[in-house]
Number of protein chains: 2
Amino acid sequence: MMQFRAPRLSDVAERAGVSIAVASVALRGGSRGTIRVGDKTAEKVRRVARRMQFRPNMAAQMLKGRKHDVIGVMIGAESTAANYGRLAAIEREAYGRGYRLMIGQFHNDAAHTAGYINDFLSRGIGALVCFHNPLMPSNPEVMDLLAQTRALVFQTVSLVQGACCVDVDRAAGVREAVTYLLGRGRRRVALALNAAPETDSLMEDRRRGYLAGVGDPDGERSRSLIWSGTGEFPPSREVLDGAVDALVVRGGADAIVASNDIWAVDLIKALRRRGLDVPGEVAVVGFDNLEAGALFDPSLTTIDQNNVDFARAAVDLLLATLDGKPLSRAERTRVVQPKLVVRESA
Amino acid sequence: MMQFRAPRLSDVAERAGVSIAVASVALRGGSRGTIRVGDKTAEKVRRVARRMQFRPNMAAQMLKGRKHDVIGVMIGAESTAANYGRLAAIEREAYGRGYRLMIGQFHNDAAHTAGYINDFLSRGIGALVCFHNPLMPSNPEVMDLLAQTRALVFQTVSLVQGACCVDVDRAAGVREAVTYLLGRGRRRVALALNAAPETDSLMEDRRRGYLAGVGDPDGERSRSLIWSGTGEFPPSREVLDGAVDALVVRGGADAIVASNDIWAVDLIKALRRRGLDVPGEVAVVGFDNLEAGALFDPSLTTIDQNNVDFARAAVDLLLATLDGKPLSRAERTRVVQPKLVVRESA
DNA sequence: CTGAAAGCGCTTACAG
DNA sequence: CTGAAAGCGCTTACAG
């Protein structure tokens with residue numbers, strides 16, 4: 001905690017008995033411009049720098065045009081553990097490529113959110129990942145600021161013209177779950193959506209994957225096996241009981257794929273209230289693979305969003321854009337394949 | 001995504017028809033040094049700056065001695081949702097005080113961890129919060145670097161001479177849980193520790209709170225109601241069954257306070273395996289208040305670590321230290337009061 | 001290799 | 001208020 005003046009490059013140069021220019025070049029290895037530093041000189045400079053605990057002043061390097069190695073991440077202030085899991089994955093990926101993460105939050109107040117993005121831009125942070133809820137109302141000022149970042153990646157859907165986007169193939173995930181359930185001998189696999197697919201594209205993706213899985217492309221046969229709520233989240237007890245009535249009691253389902261893990265867990269409770277055994281009488285599959293999934297009783301079979309691939313794709317897109325690589329419309333979107341995680345509930 | 005040259009202060013000054021010095025002062029309000037800017041002039045400069053979307057270059061401001069408004073947070077690479085919840089709380093608190101967060105991770109490799117801290121220091125980030133596992137082996141190089149940060153806050157226990165620390169009053173939390181259980185008519189409240197209190201001070205804290213709660217200061221009467229594991233985490237089925245045998249079957253407990261939520265959930269499963277109803281025959285209380293706590297069946301009564309107060313205390317200490325305020329030994333440690341969250345399991 | 005110098009974009013005394 | 005200048009700590013041409 002001692003207060004001391006940080007050593008400067010000129011201090012190192014002086015002690016090493018070389019010019020500032022040579023010290024600068026020696027510390028970053030190789031040769032720059034017309035300056036070529038011999039091995040023994042370079043080694044000496046580095047030794048002195050180490051002994052003095054020299055750390056280059058990044059503000060000065062920045063001012064001279066050093067490329068910025070910080071990625072900004074904007075996450076919703078109301079974010080749940082699921083988003084932080086994704087954040088951690090991005091940290092790992094960014095770290096591996098020599099990048100740091102600075103986090104910001106979308107606050108309810110657009111002015112505050114704008115303040116954050118302005119702050120990033122002021123720092124010269126040109127790369128931003130937005131954990132932006134696709135259903136969140138978008139403020140024009142915020143959108144304008146986002147459009148000014150050099151590299152921008154959204155999750156699920158891009159909200160800015162020309163920006164990149166990483167999405168999870170929800171349809172494939174649900175399809176995999178359905179196929180798995182049928183392969184395990186379930187005869188009537190149902191789908192519980194927390195909102196109507198007609199108005200919520202994330203739900204429509206699940207419906208599409210479901211219909212592909214049960215081999216009913218036009219959805220004629222599956223009508224009684226697809227239930228959708230009104231978007232209320234988390235669902236009330238009445239809504240859950242209603243879903244169980246519709247799908248299991250009346251629809252005869254012996255398996256349910258839920259919109260997410262919370263729905264899955266709540267459906268399991270509702271099934272038990274009806275005296276139904278999980279997974280004996282009805283299997284349940286979630287979506288998200290929450291960290292707590294393994295702790296539930298029964299532990300949750302679920303679709304993992306594959307944060308590792310998500311992070312890799314997001315950082316790939318960011319760095320490609322920063323490099324100035326021109327990306328086609330198709331290249332700007334990356335789709336990550338989720339993976340079924342089998343536990344006890346199905 | 002347009003590539004453009006960011007406007008500089010001199011551009012703003014030129015367009016507004018004032019000197020650079022006046023522009024600089026006008027944008028930051030009031031008057032600095034000998035320069036005093038009139039209201040109408042200041043307003044004009046600000047208007048021009050806004051129209052040009054001027055954003056001061058922070059690297060340049062930094063170089064001129066602007067105080068840094070970034071707090072670094074080091075978290076374990078193996079961090080769970082619990083730590084990220086705390087991180088989010090710190091973000092909120094820091095944001096409210098005009099500070100940003102940059103996150104780094106402790107990696108297994110000490111060299112990598114050192115790289116991160118060096119990076120923070122190089123950026124001039126003098127404030128660091130360390131989510132450092134108190135049982136994690138401490139590398140001398142890492143410790144040395146940590147000691148060089150101007151303001152340093154650890155969780156649970158400080159690992160650096162003179163650094164600050166925010167701790168949660170585990171004893172008070174457990175005591176509150178015990179008191180609550182006794183007040184609800186439980187007669188034999190037990191304590192399940194995942195490691196021996198003799199070797200793990202975090203467990204000893206719980207034991208102390210427990211003994212205070214049951215009014216058995218020297219622990220004579222409670223011997224059969226305290227069980228401790230060998231530190232294995234998460235616990236195996238055999239270990240859990242053993243704990244239930246010891247505390248409930250042989251010890252006659254009708255309530256158990258667990259070391260954390262995961263243990264609590266696993267104990268509930270073990271109790272059920274023995275045919276015991278929770279909370280009917282045995283009540284169970286956790287510790288941590290995991291986000292998923294409300295989803296378990298029965299939902300978990302638990303001790304919340306109070307991240308809001310934790311974050312406030314951590315940022316308080318950081319900013320006080322940055323201000324150069326001399327803190328006494330006592331002032332350097334802040335203890336946060338946890339809160340019992342009552343749900344169904346007890 | 002050296003040494004002296006320019007310049008990144010600001011802030012801040014300084015003389016008018 | 002203005003205008004010119006110094007300087008934060010670097011990097012990088014430039015002339016030897």
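The sequence lines fix the lettering, A, B, ..., with proteins before strands; numbering per chain opens at 1.
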Which residue lies toward the 5' end of DNA chain D, Thr41(B) or Lys64(B), if each is placed at its nearest nucleotide?
Thr41(B)

Rounded to whole angstroms, how far apart are [atom1] on [X] and [atom2] on [N]?
X	N	atom1	atom2	answer
Leu27(A)	dT11(D)	CG	P	8 Å
Met62(B)	dC8(C)	CE	C1'	16 Å
Phe54(B)	dG9(C)	CZ	P	11 Å
Lys44(B)	dT2(D)	NZ	P	10 Å
Arg123(A)	dC8(C)	CZ	P	23 Å
Ile20(B)	dG3(D)	CD1	C1'	10 Å
Met58(B)	dC10(D)	CE	C1'	20 Å
Leu63(B)	dG7(C)	CG	C1'	12 Å

Just jot down the side-chain contact (heavy atoms from CB on, under 4.5 Å) partners of Asn306(A), sequence neighbours excluded, or say none.
Asp304(A), Val308(A), Asp309(A), Val336(A), Lys339(A)

Apply side-chain contact (heavy atoms from CB on, under 4.5 Å) to Met102(B) and list each qualifying residue two or more places apart in sequence or on a separate chain.
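In terms of side-chain contact (heavy atoms from CB on, under 4.5 Å), with neighbours along the sequence ignored, Met102(B) is linked to Val70(A), Arg100(A), Met102(A), Val70(B), Phe120(B), Arg123(B), Ile125(B).
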
Runs of at least three Watson-Crick or G-U pairs with DNA chain D, cut-off 3.5 Å:
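Correct response: C:1-3 with D:14-16, C:5-12 with D:5-12, C:14-16 with D:1-3.
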
Counting only side-chain heavy atoms from C-beta out, which of [options] sits nearest to [X]?
X	options	value
Leu9(A)	dA4(D), dT11(D), dT2(D)	dT11(D)
Arg28(B)	dT2(D), dT11(C), dT2(C)	dT11(C)
Ala21(B)	dG9(C), dA4(D), dT2(D)	dA4(D)

Kindly state each residue pair satisfying salt bridge (Lys or Arg N to Asp or Glu O under 4.0 Å) with at least one member in residues 153-164 of chain B, sequence neighbours excluded.
none

Does the ring centre of Phe131(B) sit less than 6.0 Å away from the ring centre of Phe154(B)?
no

All side-chain hydrogen bond (donor to acceptor under 3.5 Å, both in side chains) counterparts of Gln53(B), not counting sequence neighbours
Gln148(A)

Any side-chain N or O of [X] under 4.0 Å from OP1/OP2 of [N]?
X	N	result
Gln61(A)	dT11(D)	yes
Arg8(A)	dT11(D)	no
Ser24(A)	dC10(D)	no
Ser19(B)	dG3(D)	no
Arg66(A)	dG9(D)	no

Got a sec: does the CG of Asp39(A) have more than 12 other heavy atoms crowding it under 6.0 Å?
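It does not: Asp39(A) CG has 12 such atoms or fewer within range.
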
Name the residue closer to the 5' end of DNA chain C, choosing between Asn57(B) and Ala42(A) according to the nucleotide with the nearest heavy atom.
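Its nearest nucleotide lies further toward 5', so the answer is Ala42(A).
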
Charged N to carboxylate O under 4.0 angstrom, Arg97(B) versus Asp316(B)?
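Between Asp316(B) and Arg97(B) there is a salt bridge, with a charged N closer than 4.0 Å to a carboxylate O.
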
Strictly by side chain to side chain donor-acceptor pair (under 3.5 Å), give each pair with a member in residues 10-21 of chain B just once, sequence neighbours left out.
Arg8(B)-Asp11(B)

